[in-house]
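Below is one structure, written out as C-alpha cells; the observations come after it.
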Amino acid sequence: MPVSAAPVEQVVERIEQAGPLDPVVKAVRRIVTAALRPQSVRDALHGVWLGHPLHPVLTDVPIGAWSAAALLDVVPRTGPASATLIAAGCAGAVPTAVTGWADWSQLHPPQQRVGLVHAGANVLALGLYTASLVARARGRSLTGKALSYAGLGAVSVGGYLGGHLVFRQAAGANHTADTIDLFPSGWQPLGRLDDLPDGQPTKRTIDGVDVLVVRRGQHVDVLSNRCSHLSAPLSDGSFKVESGQGCIVCPWHGSTFRLADGAVVHGPTTSPQQLFETRIESGNVEIRLPGS
Ligand code: FES
C-alpha cells in the first residue's frame, strides 16, 4: 500500500509547486541581486571565505537567544535578562537574513518558493519579537511574553522550512560529495591526449562518473563535472583566467573553480570541486582520485 506524506509534508510540497509565488520570487530576487554587489560582497555573504555556508552558522544567534528568552520568561524576576536576549536575537537576525537572501537568490524555483515562505515566517518572527520588546519597555510584561511566544512559533515554522530546504531540497549541500565513493580506485584511462580539444572544457565519463577535462597544450586538468552548488554540468561552462590561474565558471549561477586544485574562487558554492590527479603515458591520459 503506498505511504502518503504526512500532512505537514503535503503542505510543504504544495509550497514547492506554488507557481503563483513566482512573481513575488522574481521581484524579490531582482531587488536582492541589485542590492548585493559587488561579487566580493556576495562571496563574503555566501561564506566562500569560511569554506562553508555562512547562513546556517548565523541562524544559531537569533534562534538560540530567542529560545533562551522563552525559558527565562517562565522564571520569576528575569524580565530584564529575557529582554536582553530578545534584543540580541533581533540584532543577530539582520545579518542572518542578509546571508540567507544571498544564498536564496541563486537557487532553483521550487527552492526559492520554499525559501520565500521561510523568510516570510522569519520576518514575522522578527516583527513579533520587536513588538514584544516595545511592550516590555512600556511595562506590559504579559503582552510582551505572549508576543515573544508567538515569535517563537513563527521562527519554528521558518526553521522547519529551512531544514526542508537543506535536507530535502539539498540547497547548500555539496552536490559532488559522492564522487569519491563512486569513482573506481587507481589510475583510469581517460583517452588520447590528441583527442582532447585544446583550451575548451569537455566531458568524459568513467564508470558512470562524469569528469570535466580542460586541456591546455600538454597539460590536462580534471575535476568532477557536477557543480558542487546545484549539479550543473561544468563542461557546459566557460574557461577563464583569474589572478593568473585557469578557472572554470559554472553555466548556471557562476560559481568559479580553480582548475589546479578545484578550490572555490567565487560562490554561490562554498564546496570545492573534487580534483583528479593526471598523468600522460605514451600519449594516453590517465586520471585517479588523489591517494587512491
Ligand atoms: S549549479 Fe549553481 S553555480 Fe553551479
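In listed order, ligands and their atoms are each counted from 1.
Listed by number with element, the atoms of ligand 1 under 4.0 angstrom from any heavy atom of Leu230 are 1 (S).
Under the 30°/60° scheme for interplanar angles, the aromatic rings of His108 and His253 are found to be tilted.
Using a cut-off of 2.8 Å, one finds that His229 contributes no N/O/S atom close to atom 4 (Fe) of ligand 1. Within the 2.8 Å limit, His253 places no N, O or S atom next to atom 4 (Fe) of ligand 1.
Annotation for Cys227 and Leu234: closest pair CB-CD2, 3.8 Å, computed over non-hydrogen atoms. Thr99 and His55 make their closest contact through OG1-ND1, 3.2 Å (heavy atoms, listed as atom of the first residue, atom of the second, distance).
Residue-level proximity to ligand 1 for Ser255 is carried by backbone and side chain together, each with a heavy atom below 4.0 angstrom. When heavy-atom distances to ligand 1 are checked against a 4.0 Å cut-off, Ala232 comes that close through both its backbone and its side chain.
There is no side-chain donor-acceptor pair under 3.5 Å between Gln106 and His46.
Summarising the geometry, atom CG belonging to Leu58 is positioned 11.0 Å from atom CD1 belonging to Ile63; distances are rounded to the nearest 0.5 Å.
Geometry about atom 4 (Fe) of ligand 1 gives an angle of 110° between SG of Cys250 and SG of Cys227, rounded in steps of 10 degrees.
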